[in-house]
Amino acid sequence: MTGRRGDAETSARTDAEQSWRSLYPFESHYHALPGSSLRLHYLDERPATTHHSPLTTHQVPAVVMFHGNPTWSFYYRNLILALREKHRCIALDHIGCGLSDKPQDYPYTLKQHIDNAESLFDALNLRNVTLVLHDWGGAIGMGVAVRKPERIKRLVILNTAAFPSPRIPLRIAVCRIPGFGALAIRGLNGFARAALFMATAKPERFTPDVCAGLLAPYDSWANRVSHLRFVQDIPMKPSHPSWPVLKEIEAGLPQFKDRPMLICWGMQDWCFDPSFLKTWQDKFPQAEVVRFDDAGHYVLEDAYERIAPRVAEFLASTDSRL
């Protein structure tokens with residue numbers, strides 16, 4: 001009986017993985033980070049004609065997607081599927097996230113995440129890049145952009161920030177309480193599980209397969225280390241170690257005023273609320289803004305069938321400017 005029960009449990013886990021894997025039909029790639037044994041996972045989906053021609057691959061402008069907390073490259077699956085026939089789509093998993101390594105004793109800081117992403121940029125020799133940014137991906141992606149502005153040609157902004165905020169939502173602030181935060185986030189998986197209904201305005205879209213995919217890499221205390229560390233790394237005052245890094249990123253934003261920018265914003269986001277959108281508009285008055293009144297923080301889950309064609313149209317209409 002014990003053997004049968006064990007076989008049944010194994011079969012159930014396999015079925016669960018296959019269910020979300022069907023939504024994520026991509027080949028995995030790994031980048032070895034310099035000076036360590038850590039591997040950063042990323043997707044590199046591209047037009048079929050470039051698969052056997054490195055020269056052609058480098059000529060195809062890359063769309064590089066940066067996720068936030070507590071998601072991973074799975075979040076961009078629908079956008080990748082919509083764009084990969086004409087564009088090289090790269091979506092990385094930050095260290096501690098997705099299918100990347102998850103070290104327990106590691107500097108999970110904004111600077112470190114930027115360093116890691118910059119290393120991948122250099123390894124892939126990415127140029128003529130379109131950045132797609134969501135949540136923490138805004139600060140990390142723009143951190144790379146400020147270091148390599150000549151490589152960034154377009155930006156797509158999705159409910160994110162690359163500048164300090166004067167406020168932090170109470171439901172996130174309580175997760176920063178010592179002891180309680182670790183228990184809630186790493187012990188009970190409260191951050192990722194709560195996001196399944198708090199970060200959406202359309203909970204019916206979070207089917208068992210979608211939920212399984214979003215949660216899949218975060219199935220233990222150890223594997224949820226980055227969720228807590230991201231929350232702890234939110235800089236709310238100048239004494240925080242990541243504050244000067246974020247301020248430096250903000251100071252570098254004006255150099256991108258001449259770049260085409262598309263902002264797609266879920267207006268029911270309680271975390272990156274419309275005040276963040278206004279800040280983006282103040283900094284980039286030339287940006288095209290599309291508001292989704294029926295979408296929340298996970299705007300790509302709530303409105304992917306409208307966002308994907310809009311992004312494709314944006315890329316097509318600005319290709320001549322690359």
**K102 side chain vs S100 backbone, donor-acceptor pair below 3.5 Å** = yes

**Check: T130 and T318 side chains under 4.5 Å, non-hydrogen atoms** = no

**Test applied, side chain to side chain donor-acceptor pair (under 3.5 Å); reference residue, D273; option that passes from Q268, K278, R167** = R167

**Prompt:** Quick one: are H31 and N116 in side-chain contact, heavy atoms under 4.5 Å?
**Reply:** no

**Complete:** From the list I80, V63, V311, side-chain contact (heavy atoms from CB on, under 4.5 Å) with H87 holds only for V63

**Message:** Quick one: does any side-chain atom of R154 pair with a main-chain N or O of P260 as donor and acceptor, under 3.5 Å?
**Reply:** no

**Message:** Test your reading of the model: is there a side-chain donor-acceptor pair from Q286 to the backbone of K257, 3.5 Å cut-off?
**Reply:** yes

**Asked** If Ile, Leu, Val, Met, Phe, Trp and Tyr residues are connected whenever their side-chain heavy atoms lie under 4.5 Å apart, and connections chain through other members, are I140 and M236 in the same group?
**Response** yes

**Request:** May I ask you to check whether W280 and F272 place their ring centers less than 6.0 Å from one another?
**Result:** no

**Prompt:** Does Y75 reach the main-chain N or O of L300 with its side chain, forming a donor-acceptor pair under 3.5 Å?
**Reply:** yes

**Asked** Which is it for D233 and T109 under the side chain to side chain donor-acceptor pair (under 3.5 Å) test, yes or no, and what are the steps along the way?
**Response** CA-CA 6 Å; D233 196 46; T109 62; 5.6 Å; no

**Request:** Please check if any side-chain donor atom of S226 sits under 3.5 Å from a side-chain acceptor atom of Y106, or the reverse.
**Result:** no

**Message:** Would you say D302 and T200 are linked by a side-chain donor-acceptor pair, where the criterion is simply a distance under 3.5 Å?
**Reply:** yes

**Asked** Taking the side chain from Y304 and the backbone from V299, do they hold a donor-acceptor pair closer than 3.5 Å?
**Response** no

**Message:** Within the structure provided, determine whether R310 and E288 are in side-chain contact (heavy-atom separation under 4.5 Å).
**Reply:** yes

**Request:** Quick one: sort the F74 and W72 rings into parallel, tilted or perpendicular, breaks at 30° and 60°.
**Result:** parallel

**Asked** Regarding H297 and D135, is there a side-chain donor-to-acceptor distance under 3.5 Å anywhere?
**Response** yes

**Request:** Please examine the side chains of L155 and F284, heavy atoms only from C-beta on, and report whether any two atoms are closer than 4.5 Å.
**Result:** no

**Request:** Report yes if some heavy atom in the side chain of F66 is under 4.5 Å from a heavy atom in the side chain of T160; otherwise report no.
**Result:** no

**Request:** Please examine the side chains of R147 and V144, heavy atoms only from C-beta on, and report whether any two atoms are closer than 4.5 Å.
**Result:** no

**Prompt:** Any idea how F206 and Y298 line up, ring-wise: parallel (<30°), tilted (30 to 60°), or perpendicular (>60°)?
**Reply:** parallel

**Item:** From CA spacing to verdict: salt bridge (charged side-chain N to carboxylate O under 4.0 Å, His left out), D319, K153
**Value:** CA-CA 10 Å; D319 271 342; K153 298 303 179 182; over 6 Å; no

**Prompt:** Taking the side chain as C-beta and beyond, is there a heavy-atom pair between N69 and R229 under 4.5 Å?
**Reply:** no

**Request:** Only one of H41, H94, M65 passes side-chain contact (heavy atoms from CB on, under 4.5 Å) with S73; say which it is.
**Result:** H41

**Message:** Using ring centroids (six-membered ring only for Trp), state whether F230 and H113 fall under 6.0 Å.
**Reply:** yes

**Asked** Which other residues belong to the hydrophobic cluster containing L188, where Ile, Leu, Val, Met, Phe, Trp and Tyr are joined when side-chain heavy atoms lie under 4.5 Å apart, directly or via other members?
**Response** none

**Request:** Verify, without hydrogens or angle tests, whether R151 (side chain) and V129 (backbone) share a donor-acceptor contact under 3.5 angstrom.
**Result:** no

**Message:** I'd like to know if the side chain of S220 reaches the main chain of N223, judged simply by a donor and an acceptor atom lying under 3.5 Å from each other, with no hydrogens or angles considered.
**Reply:** yes

**Item:** Sole residue of L99, D93, D101 in side-chain contact (heavy atoms from CB on, under 4.5 Å) with Y30
**Value:** L99

**Request:** Using the six-membered ring wherever Trp is involved, compare the ring planes of F163 and F276 and label them parallel, tilted or perpendicular (cut-offs 30° and 60°).
**Result:** parallel

**Request:** Test E45 against every option in K86, R88, R84 by the salt bridge (charged side-chain N to carboxylate O under 4.0 Å, His left out) rule and name the one that passes.
**Result:** R84

**Request:** For the pair D209 and T207, evaluate side chain to side chain donor-acceptor pair (under 3.5 Å) and give the outcome as yes or no after the intermediate values.
**Result:** CA-CA 5 Å; D209 291 353; T207 64; 5.3 Å; no

**Request:** Output the rest of the hydrophobic cluster of V174: all Ile, Leu, Val, Met, Phe, Trp and Tyr residues reachable through side-chain heavy-atom contacts under 4.5 Å, sorted by chain and number.
**Result:** L170, I177, F180

**Message:** What I'd like to find out is whether the side chain of Q232 reaches to under 4.5 Å of the side chain of Y108, using heavy atoms alone.
**Reply:** no

**Item:** Cluster check F256, V289: I/L/V/M/F/W/Y, side chain < 4.5 angstrom
**Value:** yes

